[in-house]
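By convention in this document, chain letters (A, B, ...) are assigned in the order of the sequence lines, proteins followed by strands, and residues within each chain are numbered from 1.
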Amino acid sequence: MIAEISTLSPEERATRLQHLGGPLPRAVRPNRSPPGDEALPDLPDLPGAEPGKVTLRFAPFPSGALHVGHARGIFLNDAYRQRYDGRFFLVFDDTVGSAEKRPSLESYDLILEDFQLAGVKLSKIYYKSDRLPEYYRHLPPLLEQGSAYVCLCPAEELRRRREAREPCPERDREKAWQQEAWEGMLSGRYGEGEAVVRLKTDLNHPNPAFRDRVLFRISELDHPRVGHRYRVWPLLEYSWGVDDVELGITHVLRGKDLVMEDEMEQALWKAWGWTGPRFTHFGLLRIREAKLSKSKFQKEIASGAFEGWSDPRTWSLRSLWRRGIRPDAVRQFVLSFGLSLADIEVPAETLYAMNRHLIDPTTPRRAFVPQPVPVKVLGDPLGPRRVELANHPEHPEMGERTLQVDDLFYLPGRDVASHLGEEVRLKDLLNVRLPGSIRPEPLPANFTSQPNKPLPRLQWVPAGEAVPVSVLGVDHELTEGFGEADLARAPEGGLFQFERFGFVRADVLPLAGERRRFFFAHP
RNA sequence: GCUCCCGUAGUCUAGUGGUCAAGGAUAGAGGCCUCUCGAGCCUCUGACGCGGGUUCAAAUCCCGCCGGGAGCACCA
């Protein structure tokens with residue numbers, strides 16, 4: 001069986017890739033490593049997981065597009081969903097946030113779209129901003145049994161007392177007062193910052209943040225989905241304490257940065273007498289080249305310096321896809337780290353290598369001539385003619401394209417400069433001797449012979465049908481030049497390998513008179 | 001500072017007491033192939049942080065140290 005899979009996998013890969021033009025859903029795989037992913041380590045089993053009885057969730061805060069760190073959580077959850085034939089929920093973690101960290105309306109669509117393009121199937125989508133009544137409903141019992149209380153301390157005072165391990169004056173007030181004060185928070189008797197609800201925990205807890213943590217606070221911030229409908233908002237741990245149980249989550253797979261939240265949720269479940277899901281963590285993942293922060297991107301995007309969330313400099317998932325990096329490569333990439341708890345920084349090169357393996361067998365080759373120099377070939381006995389070139393050197397079934405050749409060509413300026421006076425080969429066409437200097441405008445080069453010879457090989461474009469092309473690099477550096485004629489009509493999303501240059505993806509078709517733009521994926 | 005996590009080659013990762021004179025990926029070197037500086041094939045370089053202990057036997061268990069990371073909001 002395994003031997004069978006490995007012999008079939010090249011074709012299997014190829015056929016799958018042919019269908020990957022758009023956001024098609026991926027086929028459900030059996031379990032463990034899917035075909036084509038022999039290199040991936042098997043993930044360990046989830047504690048207490050039973051096939052058909054696993055529910056997972058992913059909970060992004062909607063403040064921008066998803067990045068590679070998110071991808072680790074998403075693909076890991078998705079891998080387990082597939083293994084156990086379970087359910088996977090997307091839960092928008094869209095409570096009001098804070099003045100510095102706010103949800104934005106466009107982010108909901110951005111995230112949904114990212115999931116679709118990633119090929120991750122969702123069983124259900126929830127919005128926390130729809131679930132405020134649920135959160136409210138579970139608080140009174142906590143007040144009633146004295147495990148939570150309303151605190152009227154100003155923020156500064158709260159922090160000071162917490163640091164000093166001192167209780168606040170309201171901590172032990174009678175239940176009736178607590179219930180009444182809670183009603184007061186909901187009805188608007190207190191203003192922003194004047195009252196919070198806190199969980200009663202050990203005031204001597206070694207982690208100050210854990211001492212009587214805040215459960216609800218008042219916020220007058222406008223919410224992109226529900227506006228000002230609510231003014232009392234739960235904090236992350238409380239909303240999760242409720243949702244992880246009410247939505248029937250069985251396993252929580254989250255980043256290591258959220259370990260403290262486990263303890264908080266468990267404290268809440270203990271107070272309610274509930275049993276919650278199991279927690280599993282994974283370390284933080286960063287791509288070495290992606291140094292900038294999310295808030296920095298927001299600023300650059302707002303100012304217009306960046307072209308939105310798909311700007312390659314953001315290293316967002318959509319920016320990778322825009323460059324021609326397949327979602328499947330990202331999936332393999334993040335799954336290759338397993339459930340490791342180490343925080344890691346991986347060079348993008350590793351991701352590129354995976355993508356290259358994935359796309360190379362099915363990506364057509366084309367000539368792109370950067371910094372073009374016009375060259376006139378003198379004495380070519382074959383004269384003007386049409387030549388056919390294979391789209392892929394190893395896959396003749398991918399067909400050919402036809403070029404109309406005359407005596408005028410564009411050659412890469414750098415190569416011409418470094419081979420002046422030498423004989424070079426225009427790849428797949430003919431051999432010429434370059435002149436000793438770059439003087440006359442169409443550079444005269446004498447035809448020497450036609451058959452292949454072991455000479456430096458240069459890519460070329462017939463001047464008569466050259467198309468102006470630009471390639472936008474990862475850091476937004478622009479390389480301009482000429483490409484083969486049919487690149488003008490390449491559909492958006494088309495992948496090409498520009499020979500001796502790298503893999504690129506065609507951007508939207510340009511307006512009349514504009515250069516055709518491609519995004520650079522990797523060498 | 002406090003709490004927690006991690007420490008296998010340049011970078012990731014497999015490894016849960018013997019089959020490890022440590023496997024894979026990526027990067028690097030060399031060769032083959034190829035009318036691309038891509039892919040493919042072959043070969044090579046290269047690692048268990050340090051010090052104790054437990055054991056017949058330790059990358060694997062225990063302790064200490066040293067390094068690295070994360071968390072420590074009325075953010076998520």
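- Using a 4.0 Å heavy-atom distance criterion, A:Asp415 is classed as a base contact.
- Remark: the backbone N or O of A:Phe368 is paired with a side-chain donor or acceptor of A:Gln459 at under 3.5 angstrom.
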Provide a list of protein-nucleic acid N or O atom pairs under 3.5 angstrom, restricted to nucleotides 71-76 of chain B.
residue	atom	partner	partner atom	Å
B:C72	O2'	A:Asn207	OD1	3.1
B:C74	OP1	A:Arg159	NH1	3.0
B:C74	OP2	A:Arg162	NH2	2.5
B:C74	N4	A:Cys153	O	3.0
B:C74	N4	A:Ala155	N	2.6
B:C74	N4	A:Gly193	O	3.3
B:C75	OP2	A:Arg217	NE	2.5
B:C75	OP2	A:Arg217	NH1	3.4
B:C75	OP2	A:Arg217	NH2	2.8
B:C75	O2	A:Lys101	NZ	2.9
B:A76	OP1	A:Thr95	OG1	2.6
B:A76	OP2	A:Leu236	N	3.3
B:A76	O3'	A:Asp93	O	2.9
B:A76	O3'	A:Asp93	OD1	3.1
B:A76	O3'	A:Asp93	OD2	2.9
B:A76	N6	A:Glu261	OE2	2.5

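- Using atom P as the reference point in both B:G17 and B:A59, the two lie 13 Å apart (nearest Å).
- No N or O donor and acceptor, one from the side chain of A:Glu345 and one from the base of B:G69, sit under 3.5 Å apart.
- Using a 4.0 Å heavy-atom criterion, one finds that A:Pro393 contacts the bases of the nucleic acid, with or without backbone contacts as well.
- Listed for the A:His357 side chain is no donor-acceptor partner under 3.5 Å among the backbone atoms of A:Ala329.
- Counting only distance, with no hydrogens or angles, the side chain of A:Thr95 and the backbone of A:Trp233 share no donor-acceptor pair below 3.5 Å.
- To the nearest whole angstrom, the two C1' atoms, one in B:U34 and one in B:C42, are 15 Å apart.
- Relative to the ring axis of A:Tyr127, A:Arg225 places its NZ or CZ within 45° and under 6.0 Å from the centre.
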Set out, line by line, the N/O atom pairs under 3.5 Å between protein and nucleotides 40-50 of chain B.
residue	atom	partner	partner atom	Å
B:G40	OP1	A:His357	ND1	3.1

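- Scanning for ring pair (Phe, Tyr, Trp, His ring centres under 6.0 Å) contacts around A:Phe210 gives A:His205, with sequence neighbours left out.
- No engagement by A:Tyr352 is indicated, since no non-hydrogen atom pair under 4.0 Å with the nucleic acid exists.
- Separating the C1' atom of B:A27 from that of B:G10 is a span of 7 Å, rounded to the nearest Å.
- Nucleotides B:G23 and B:U55, compared at atom C1', are 26 Å apart to the nearest Å.
- Distance from the side chain of A:Pro206 is smallest for B:U3 among the nucleotides B:U13, B:U3, B:G38.
- B:U36 and B:A47 are spaced 35 Å apart, taking the C1' atom of each and rounding to whole Å.
- Aromatic rings from A:Phe297 and A:Trp315 are positioned such that their centres are separated by 6.0 Å or more.
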Return the polar atom pairs (N/O with N/O) between nucleotides 27-29 of chain B and the protein under 3.5 Å, or none.
residue	atom	partner	partner atom	Å
B:A27	OP1	A:Glu349	OE2	3.4

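- Taking atom P in both B:A25 and B:C44, the straight-line distance is 13 Å, to the nearest Å.
- In terms of modelled atom types and a separation under 3.5 Å, the side chain of A:Ser418 and the main chain of A:Arg414 share a donor-acceptor contact.
- Checking side-chain atoms of A:His223 against main-chain N and O of A:Tyr230 turns up no donor-acceptor pair under 3.5 Å.
- At distances below 3.5 Å, at least one donor-acceptor pair connects side-chain atoms of A:Arg72 with backbone N or O atoms of A:Gly338.
- Following rounding to the nearest Å, A:Leu285 (CG) and B:C6 (C1') show an atom-to-atom distance of 15 Å.
- With C1' as the reference atom, B:A58 and B:A21 are 16 Å apart, rounded to whole Å.
- In this structure, A:Phe498 has its ring center under 6.0 Å from that of A:Phe518.
- Evaluation of the ring pair (Phe, Tyr, Trp, His ring centres under 6.0 Å) rule for A:Phe279 yields A:Trp269 as partners, not counting sequence neighbours.
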TODO: Could you provide the dot-bracket string of RNA chain B, using ( ) for intrastrand pairs, [ ] for crossing pairs and | for bases paired to another strand, with Watson-Crick or G-U pairs below 3.5 Å?
DONE: (((((((..((((....[....)))).(((((.......)))))....(((((..]....))))))))))))....

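- Look at the P atom in both B:U16 and B:C74: the space between them is 44 Å, to the nearest Å.
- Counting only heavy atoms from C-beta on, A:Leu341 has its side chain closest to B:C5 among B:G38, B:U13, B:C5.
- In summary, A:Asp380 and A:Arg385 engage in a salt bridge, as defined by a charged side-chain N under 4.0 Å from a carboxylate O.
- Residue A:Ser340 is classed as a sugar-phosphate contact, given heavy-atom separations below 4.0 Å to backbone atoms only.
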